[in-house]
Amino acid sequence: MKQQWVGLLDCNNFFVSCERLFRPDLENKPVAVLSSNDGCIVARSQEIKDMEIPMGVPYFQVKDILKTNNAVVFSGNHRLYRTISKRVFATMETVQNPIEQYSVDEAFFYFFGTEEEARQQILMIKETVEKEVGVPVSVGISLSKTLAKVANEMNKKTTGLKLLDFEEWSQINLSYPLASIWGIGRNFSKRLREDGLISVSDFLAADPGRVRRLYGVVGERIRQELQGISVLSAKNRELKQSIMSSRSFGKETIALSVLEEAISYHVEQVSYDLRQAGACATKVAVFISPSRHGDFVLQSRYGERDFLAPISTTRDIGVIAIQLLRELYVTGVPYKKAGVRVSGIQPFAVQQLSLFTPVAKKIPDPLQSTIDVVNRRFKTGRIHQGFLEGARKYSAIANQQSPAYTTSWGELPVVKA
DNA sequence: TCTGGGGTCCTAGGACCC
DNA sequence: TCTGGGGTCCTAGGACCC
C-alpha cells in the first residue's frame, strides 16, 4: 500500500567528515573541530565520542585528554563546510526532489510510495551522496519529522539506514525517553518529568486536553508527531526570516571605537548575504554583551530599528546600526561580543514601499554591486565601507584552521599520482 | 587565563483601538 | 461607591535546534 513517508538525511559528524575529506589519513583517528576563538568542541569524530567528551565542552577542559590520545584538533573552517554542504544537497536533489534543508548538515524530504519503495529510496539517496561527495550520511524514514529523527538515530552507527513503521514504533516507544525526542529540551523535559511523564508512551497515554493545556501548542504538536501524524508541515521557504552575524572578541573591550568596528564588520557580512539572496530587509537589530560568566552578565543590550523602506546596501544599514550601537553602549562595561541581525526580509521584486518613502530606490544599487564584485574578486585590499579601520582589535582566535581547499586557488589540495 | 554562532518559533505583557 | 471586553500589533525574552 502506498503512503506518505517523511525522511531525514543527516551527515555523520559533519565538520569532522569535511576535514577528513581532504585528509584521508585522519580516517579512524580521533578528530575534533572547535568553535570560534577555539572556545568549545563543536564536532567530534566517533573516536572522540567514545572518549566520552561531550558536545560543546570548553576546549581548555579537555585539551589534555585530547593530547594524550593523539587527537587532531581543528579550528572551524566554515567556508569549507558550507561548500561541502552545498554539494551534499545538490547531489541529494538529483535523486530526491524536493528536499527541505533544515541545517548545514540535515535535510527532510517527503516520499510517496510503498514500504519497499521507501527502503529502496533511502538506500539510493545514501549511496548517491556518499559516492558523489564522499562524506558519510545516514538516512531515516518514518511517518513524521519527529519520527524520522528517531529513525535516523537508530541505525546511525551501523547501516546508516532505517525505516521505522508504526508497528515497530509502538513497541519501542514504551521505553523511549521523552528527553531524547526532537523538540524536547532541558527545560521541557524537566517539566514533563515533574508531571510524571518519562517515556513516550507515558506522554501518549496522557489526556490530549491536559497535554494541550499544560504544554501549549508546542506540546500538542509533538504529541501528534509522536503518534505518526505529520503536523510539522513542509515549509520550503525561499528566503530566511533573518540573517545574522555575531562574534565574541578574543579579548574584552570597553572602547566604543572597537565596537563600532565590529558592528561595521557584521553589517558588511549580513548586508552582503542579504544581497546574495537577492533580497532586502526592513529591520536591523544590534546587540552587544559582556561575558556570560563575569560580574557584568546583566549588561547585555539589544536594540532594533525599522527602515523607511526595504534596503540592502551596506552603508544605509551601517548608518542606522551605528546609531543604534551608540544608544546601547554603556561606558565602562567590558564587552565580549557584538552582533547584527536583519529581518523583515523580502525579495527585491516585491518591495512594499512605505507611505513616506521619498523616492523608490534603484535596486540593486549600482555602486554597491560594483563594490561586491571587487570584494569577491580580491582576497586582500578589499573595499570597506563605514567604520572599518583595518586593524581588527576584536578579531577572533583560530590557531588551527585547515586550508581553504575549496574557495582559494592558492590552497587547493595537491594530488600526487 | 581559556565557555560558539546562526537560526526558528512561541508566549507574555503593554499599547492601542473600538 | 462604581471603572468593559475583545481584538490586534509590537516587543522582549525564552526555549529549542544544529
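Labels below follow one simple rule: chain letters A, B, ... track the order of the sequence lines, proteins then strands, and each chain is numbered from 1. Just the heavy atoms: all of them, side chains too, but no hydrogens, waters or symmetry mates, feed the values below.
- Using C1' as the reference atom, dC16(B) and dG4(C) are 15 Å apart when rounded to the nearest Å.
- Looking at residues two or more places apart in sequence or on another chain, you find no ring-ring contact (aromatic ring centres under 6.0 Å, His included) involving Tyr110(A).
- Residues Leu8(A) and Lys149(A) have side chains in contact (heavy-atom distance under 4.5 Å, counting atoms from C-beta outward).
- A straight line from CZ of Arg247(A) to C1' of dT3(B) spans 16 Å, rounded to a whole angstrom.
- By the ring-ring contact (aromatic ring centres under 6.0 Å, His included) test, Phe22(A) is found to be paired with Tyr405(A), residues two or more places apart in sequence or in another chain being considered.
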With sugar-phosphate taken as primed atoms, P, OP1 and OP2 and all else as base, the protein-contact string of nucleotides 6-15 of chain C at under 4.0 Å (heavy atoms; B, S, -) is -----SS--S
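- Taking every heavy atom of residues 195-219 of chain A and every atom of DNA chain B, pairs under 4.0 Å involve Val217(A), Val218(A), by number.
- Rounding to whole angstrom units, CZ of residue Arg221(A) and C1' of dC16(C) are separated by 12 Å.
- Of the listed residues (Ile311(A), Leu308(A), Val267(A), Val284(A)), just one forms a side-chain contact (heavy atoms from CB on, under 4.5 Å) with Asp316(A), and that residue is Ile311(A).
- As rounded to whole Å, 12 Å separates atom P of dG4(B) from atom CD1 of Ile41(A).
- The pair Glu130(A)-Lys126(A) counts as a salt bridge, with a side-chain nitrogen and a carboxylate oxygen less than 4.0 angstrom apart.
- Distance Lys145(A) NZ to dC18(C) P: 13 Å, rounded to the nearest Å.
- As a whole-Å value, the separation of Arg44(A) CZ from dG4(B) P is 16 Å.
- For the pair Gln241(A) and Asp38(A), both in contact range of DNA chain B, the more 5′-proximal nearest nucleotide belongs to Asp38(A).
- With the end axes of the helix from dG5(B)-dC18(C) to dC18(B)-dG5(C) each set by five pairs, the angle from one to the other reads 10° at 10° resolution.
- Judged purely by distance below 3.5 Å, without hydrogens or angles, the side chains of Gln323(A) and Glu327(A) never pair a donor atom with an acceptor atom.
- Of the candidates dG4(B), dT3(B), dC17(C), dG4(B) carries the atom nearest the Ser36(A) side chain, counting heavy atoms from C-beta on.
- In this model, no donor atom of one side chain and acceptor atom of the other lie less than 3.5 Å apart for Ser144(A) and Thr146(A).
- The list of side-chain hydrogen bond (donor to acceptor under 3.5 Å, both in side chains) pairs with a residue in residues 5-28 of chain A, not counting sequence neighbours, reads Asp10(A)-Lys156(A), Asn12(A)-Ser138(A), Asn13(A)-Lys49(A), Glu19(A)-Tyr81(A), Glu19(A)-Ser402(A), Arg20(A)-Glu47(A), Arg23(A)-Asp25(A).
- Of the two residues near DNA chain B, Leu239(A) and Gly56(A), the one whose nearest nucleotide lies more 5' is Gly56(A).
- Glu194(A) and Lys190(A) are joined by a salt bridge, as a carboxylate oxygen and a charged side-chain nitrogen come within less than 4.0 angstrom of each other.
- The nearest whole Å value for the distance from the NZ atom in Lys240(A) to the P atom in dG5(B) is 16 Å.
- Ionic pairing of Glu153(A) and Lys162(A) is not present here: no N-O contact between side-chain nitrogen and carboxylate oxygen is shorter than 4.0 angstrom.
- Contacts of Lys190(A) with the nucleic acid, taken as non-hydrogen atoms under 4.0 Å apart, are absent.
- Side-chain nitrogen and oxygen atoms of Lys149(A) include at least one within less than 4.0 Å of the OP1 or OP2 phosphate oxygen of dC18(C).
- Under the 4.5 Å side-chain criterion, counting only non-hydrogen atoms from C-beta, Arg275(A) is in contact with Thr314(A).
- Among the protein residues, Glu106(A) comes within range of the sugar-phosphate backbone only, with heavy atoms under 4.0 Å from sugar or phosphate atoms but none that close to a base.
- One side chain, Asp50(A) or Gln46(A), offers a donor N or O that lies under 3.5 Å from an acceptor on the other.
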